[in-house]
2 protein chains.
Amino acid sequence: MRKDAQINQQKILNAAAKLFKERAVSTVSMKDIAQVAGIGTGTLYRNFPNKSELCMALSLDYIQQFITGEEAQLHNSASSVTKQFENFLTRWLEFRERRIQLLTEIETGPSVMSTFYHSPLYQQLVNLTMQALKPISDNISESELKFRADMLISMLKSDSYAYQREQGLTREQIAINISHLMIKRCD
Amino acid sequence: MRKDAQINQQKILNAAAKLFKERAVSTVSMKDIAQVAGIGTGTLYRNFPNKSELCMALSLDYIQQFITGEEAQLHNSASSVTKQFENFLTRWLEFRERRIQLLTEIETGPSVMSTFYHSPLYQQLVNLTMQALKPISDNISESELKFRADMLISMLKSDSYAYQREQGLTREQIAINISHLMIKRCD
DNA sequence: ATAATAAACGGAGCATACTCCATTTGTCAA
DNA sequence: TTGACAAATGGAGTATGCTCCGTTTATTAT
């Protein structure tokens, strides 16, 4: 990679981060970002083919941090597996709320779902979710575990989650409902 | 409502249906639709505030038919509740595949998720899904049943479903995995 | 019939995502 | 150092969703 290209990529990321701090992500246009970065829109689009992918790049750090934090927690088992799973869900929902604008942009990108699902970001998320699901899923094949992780992530996407909140459910109630749904109880 | 307005609304629906038959939904622009309908774009947008809502209006009939058909089936119990639920899922997935373009347009509309979730279309879907879930969900509150219906619909949205198919799962495998997930088994 | 008015019309115009390609620039072999 | 060229640049241009508002039209009261 040429040196100027690398510099421009950094300029873009800085400009986007700056603008996203100042105003709502959805109100920042690609032109704005190019302008603040001091480059042409063509250059912006070569680096990031669309706004969603730019947001993905910006989310990488955050997600990384979340995952690292969770992997540390996962085996600090101070409570029942059920409680542990509920806590994991709650923290994931907290994270979503904190980064809701970026995540919404990523998840609603035009045809970017195809990109998102094939990104390392998604892979890492699936791996973490599988680890969280494993203790509460006895006798389950690896492929079915993967399926459930995909479904769990799908259930908690921005739109769906926002709708549940709007219906009056709290974060905790959602976490509990989800855990009831995912945990095989035999009462 | 003024007579001319009603006529124009019908002209729009006809034009859209015609164009959507001829080429992919995503390649048909609102301008195209207005042109074929023989009206101005302003008129088009007064009738349908965006493409997603136009697609919703066009889907109404299809969904209605599906729901009517299912309500007839639901109580024709020739098999176990589990099998019945699996069949319901399979038919829902068949329906999705047949109408995938319209449904994708509806589900990925910009900020239209808020509209979609509050549409009668979604309410009907939730009601049907709740009916299908009820026999396999013992001792569950009405609100939790609603939650599960929401989640089931969320899991099977276009993006998520397309991803699973791409991963190599067949429609039947997806139906089975979902039913494993939703049914409380105590083996 | 006619006038008054609210409702609907339509297309010019705007904003924004994204593309195209003539021009510039960094890199590297000779 | 210099020449050649692949790589990168940038902004004009295109497509499309959507809005605004001056004009037209259906309806209703008189």
Side-chain angles (χ1 to χ4, degrees), chain A residues 1-16 19-20 22-58 101-102 104-116, chain B residues 1-16 19-20 22-58 101-102 104-116:
Chain A
M1 190 187 225
R2 252 167 61 169
K3 204 177 54 186
D4 52 346
Q6 211 155 8
I7 289 170
N8 276 333
Q9 192 157 325
Q10 201 51 57
K11 280 201 273 186
I12 291 167
L13 289 171
N14 292 342
L19 285 170
F20 290 168
E22 289 170 6
R23 45 198 169 101
V25 170
S26 66
T27 70
V28 177
S29 74
M30 292 296 263
K31 210 171 143 195
D32 291 339
I33 295 170
Q35 216 146 42
V36 169
I39 58 166
T41 58
T43 304
L44 173 52
Y45 277 97
R46 170 138 12 69
N47 281 275
F48 301 99
N50 53 58
K51 203 174 166 186
S52 296
E53 294 211 29
L54 174 52
C55 289
M56 256 195 254
L58 280 171
Q101 293 191 2
L102 278 179
T104 301
E105 192 65 43
I106 292 172
E107 288 167 3
T108 61
S111 90
V112 170
M113 285 315 298
S114 40
T115 325
F116 174 58
Chain B
M1 188 187 225
R2 252 166 62 169
K3 204 176 57 186
D4 51 346
Q6 210 155 9
I7 289 169
N8 277 333
Q9 192 157 324
Q10 202 51 57
K11 279 201 273 187
I12 292 167
L13 290 170
N14 292 341
L19 285 170
F20 290 167
E22 289 170 7
R23 45 198 168 100
V25 171
S26 66
T27 70
V28 176
S29 74
M30 291 297 263
K31 212 170 139 196
D32 292 339
I33 295 170
Q35 216 146 42
V36 169
I39 57 166
T41 58
T43 303
L44 173 51
Y45 276 96
R46 172 140 10 71
N47 281 275
F48 302 99
N50 54 57
K51 202 175 166 184
S52 295
E53 295 210 30
L54 174 52
C55 288
M56 256 194 255
L58 280 170
Q101 294 192 1
L102 278 180
T104 301
E105 192 64 44
I106 292 173
E107 286 167 4
T108 63
S111 89
V112 171
M113 285 316 297
S114 41
T115 323
F116 174 58

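Below, all heavy atoms of this structure are taken into account, side chains as well, without hydrogens, waters or symmetry copies. What you see is a predicted model; the values in this text were computed from it and never measured. Below, chain A is the first sequence line, B the second, and so on; all start at residue 1.
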Quick one: which of [options] gets closest to the side chain of [X]?
X	options	result
B:Lys3	C:dA8, D:dA8, D:dT27	D:dT27
A:Arg2	C:dA17, D:dC18, D:dA7	D:dA7
B:Met30	D:dT27, C:dA8, D:dG17	D:dG17
B:Thr43	C:dG10, D:dA8, C:dA8	C:dG10
B:Ser29	D:dG17, D:dC18, C:dC9	D:dG17
B:Thr41	C:dA12, D:dG17, D:dT27	C:dA12

Problem - Salt bridge flag under 4.0 Å for residues A:Lys11 and A:Asp4 - result: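 Salt bridge flag = no for A:Asp4 with A:Lys11.
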
Practice task
Quick one: do B:Phe48 and B:Leu58 satisfy side chain to side chain contact (heavy atoms under 4.5 Å, CB included)? Show the steps, please.
Solution key: CA-CA 11 Å; B:Phe48 302 99; B:Leu58 280 170; over 6 Å; no

Handout entry: side chain to side chain contact (heavy atoms under 4.5 Å, CB included) assessment of A:Leu54 paired with A:Ile33
Key = CA-CA 11 Å; A:Leu54 174 52; A:Ile33 295 170; 3.7 Å; yes

Expressed as a whole number of angstroms, how long is the span from [X]:[atom1] to [N]:[atom2]?
X	N	atom1	atom2	answer
A:Tyr45	D:dT14	OH	P	17 Å
A:Ile12	D:dG10	CD1	C1'	12 Å
A:Leu54	C:dC18	CG	C1'	14 Å
B:Gln35	D:dG17	CD	P	13 Å
B:Arg46	C:dA6	CZ	P	16 Å
B:Lys31	C:dG13	NZ	C1'	12 Å
B:Asn8	C:dC9	CG	P	4 Å
B:Lys11	C:dC9	NZ	C1'	11 Å

Exercise for the section: Would you indicate what A:Ile39 reaches in the nucleic acid, counting non-hydrogen atoms under 4.0 angstrom: base, sugar-phosphate, or nothing? Expected result: sugar-phosphate

Problem - 5' precedence on DNA chain D between B:Val28 and B:Met1 (nearest-nucleotide basis) - result: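 On the 5' side of the pair lies B:Val28.
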
Problem - Any side-chain heavy-atom pair of B:Asp32 and B:Arg23 under 4.5 Å - result: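 Yes, close enough: below the 4.5 Å cut-off.
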
Problem - Side-chain (A:Lys51) to main-chain (A:Val28) donor-acceptor, under 3.5 angstrom - result: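 Between the backbone of A:Val28 and the side chain of A:Lys51 there is a qualifying donor-acceptor contact (under 3.5 Å).
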
